[in-house]
2 protein chains.
Amino acid sequence: MSPRVKNAAATREAILASARSRFIEESYDNVGLREIAGDAGVDVALIGRYFGSKEELFKEVLRAGKKPDWLDPSVGHRELPAYLASLAVEEDCADRKKHAEGLLIMLRSASSPKAGEVIRQALREDVLEPIAKLLPGADAEVRSSLALSIFFGTNVMRTIMAVEPLCQCDSGSVRGHMQRLLEAALTGDRTA
Amino acid sequence: MSPRVKNAAATREAILASARSRFIEESYDNVGLREIAGDAGVDVALIGRYFGSKEELFKEVLRAGKKPDWLDPSVGHRELPAYLASLAVEEDCADRKKHAEGLLIMLRSASSPKAGEVIRQALREDVLEPIAKLLPGADAEVRSSLALSIFFGTNVMRTIMAVEPLCQCDSGSVRGHMQRLLEAALTGDRTA
DNA sequence: TTACCATGTCAACGATTGTTGATTTTTCAC
DNA sequence: GTGAAAAATCAACAATCGTTGACATGGTAA
């Protein structure tokens with residue numbers, strides 16, 4: 001077959017985009033390099049040439065999707081639950097949707113030996129610590145982790161387990177539930 | 001090598017036990033039949049003979065681990081949060097530990113195409129519906145799903161993502177957090 | 001003992017995977 | 001236009017996987 005037009009930057013970007021799309025919908029182990037290459041309209045070997053290995057491609061997908069300032073510092077810790085809840089169900093805002101996809105990528109491939117360590121580090125540095133820095137109190141890290149538990153838990157049920165009651169639920173309702181749970185997670189009060 | 005003692009029931013059980021142990025600690029795709037057979041001290045081919053295929057072996061692991069009456073009907077829906085919270089951290093009670101392991105198996109392999117459908121069905125029939133049946137109110141299924149979201153979420157963070165603040169946390173503390181979140185999930189009140 | 005069937009082992013298949021080296025094609029400077 | 005380098009393709013590798021059929025071994029009833 002006749003080779004495609006030559007544009008290193010563009011094909012690299014195409015591979016990266018295809019990889020991201022695949023990793024959003026399937027686990028690290030269940031995504032083949034040939035699928036990614038096929039989506040990008042490129043031969044498999046190019047992935048090795050541009051990214052070295054599958055693991056490094058995955059690393060690059062994570063790195064390309066992250067934004068250091070994703071957590072708007074202007075949001076006080078009081079508005080954080082609503083903010084994180086909207087992050088989970090927002091379809092309009094491209095930024096939030098992209099960030100939610102990034103978390104979904106981590107969730108999907110979390111139990112893969114190859115991708116696991118990369119994910120754990122990215123989760124710690126890019127997600128957990130920024131949230132914890134916004135929280136007052138001593139056990140900020142614990143509550144930050146709990147908040148992410150809420151996010152991952154609902155995403156497991158909705159996206160991976162495809163549990164109908166939570167899938168068919170309208171976005172507003174889901175957002176309400178998540179906000180309530182996030183408030184319980186972030187404010188460590190024991191009013192009970 | 002000289003064949004082992006011949007005991008069909010025992011070796012079948014040994015394979016099942018080894019498979020369960022492996023599936024608790026690794027994803028469906030990352031567990032090889034040769035590992036399972038090795039743990040059981042058995043040739044790989046025996047797995048095929050006794051269980052047909054890897055997928056059916058996995059199905060059998062799930063089926064063997066389930067208990068129809070795991071949710072004590074005597075527990076009122078008021079005590080349910082504490083009951084489910086203890087399920088997550090209990091190390092003493094063998095029954096609860098076993099059931100928690102079963103949920104962990106589902107969580108670990110949830111994003112595997114082969115095991116996914118089996119898991120979704122087992123989760124619906126054996127976990128979600130029993131909980132929902134115990135809950136009063138109209139949206140019992142939704143709140144049941146939310147409760148399981150809490151369980152899966154914290155387990156993702158603690159076991160799969162290995163997030164330190166939640167791992168090093170003492171069991172009592174984790175149980176307290178989970179109970180608080182489960183109460184928020186199960187009682188759908190909007191007191192805010 | 002001897003025949004027989006259940007039980008267990010061995011070896012290999014076909015398919016798929018990530019990866020690599022050689023080859024071809026395009027692009028661009030001279 | 002020509003040559004060299006970048007870009008892309010092709011072909012094949014080695015490893016692993018689940019699976020299967022042929023073969024060997026054990027227990028057991030006649």
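First the proteins, then the strands, lettered A, B, ... as listed; each starts at 1.
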*Presence of A:T11 side-chain N/O under 4.0 Å of D:dA8 phosphate oxygens OP1/OP2*: yes
*Quick one: B:I15 CD1 to C:dG8 P, roughly how many Å, whole number?*
8 Å
_Measuring from atom CZ of A:R180 to atom CG of B:L146, what distance do you get when rounded to the nearest 0.5 angstrom?_
6.5 Å
_Cationic tip of B:K54 above B:Y28 ring, under 6.0 Å, 45° of axis_ = yes
*Would you mind reading off the distance between A:E56 atom CD and C:dG18 atom C1', rounded to a whole angstrom?*
13 Å
*Counting N and O atoms only, with roles assigned by atom type, does the side chain of B:T11 sit under 3.5 Å from a partner on the main chain of B:A8, one being a donor and the other an acceptor?*
yes
*Distance-only polar pair, side chains of A:R175 and A:S86, donor-acceptor under 3.5 Å*: no
_What I want to find out is whether B:D95 reaches B:K67 closely enough, with some N-O distance under 4.0 Å, to be called a salt bridge._
yes
_Pair A:K133-A:E141, salt bridge (Lys or Arg N to Asp or Glu O under 4.0 Å): steps then yes or no_ = CA-CA 8 Å; A:K133 277 202 172 69; A:E141 294 178 1; over 6 Å; no
*asked:* Within the 4.0 Å heavy-atom criterion, would you say A:F51 contacts the bases, only the backbone, or no part of the nucleic acid?
replied: nothing
_Base-contact (B) and sugar-phosphate-only (S) positions in nucleotides 17-22 of chain D, heavy-atom cut-off under 4.0 Å, - elsewhere_ = BBBBBB
*Measure from CD1 on A:I47 to P on C:dT17 and round the result to the nearest Å.*
12 Å
*Quick one: A:L46 CG to C:dT26 C1', roughly how many Å, whole number?*
13 Å
_Phosphate OP1/OP2 of C:dG8: any B:Y50 side-chain N/O under 4.0 Å_ = yes
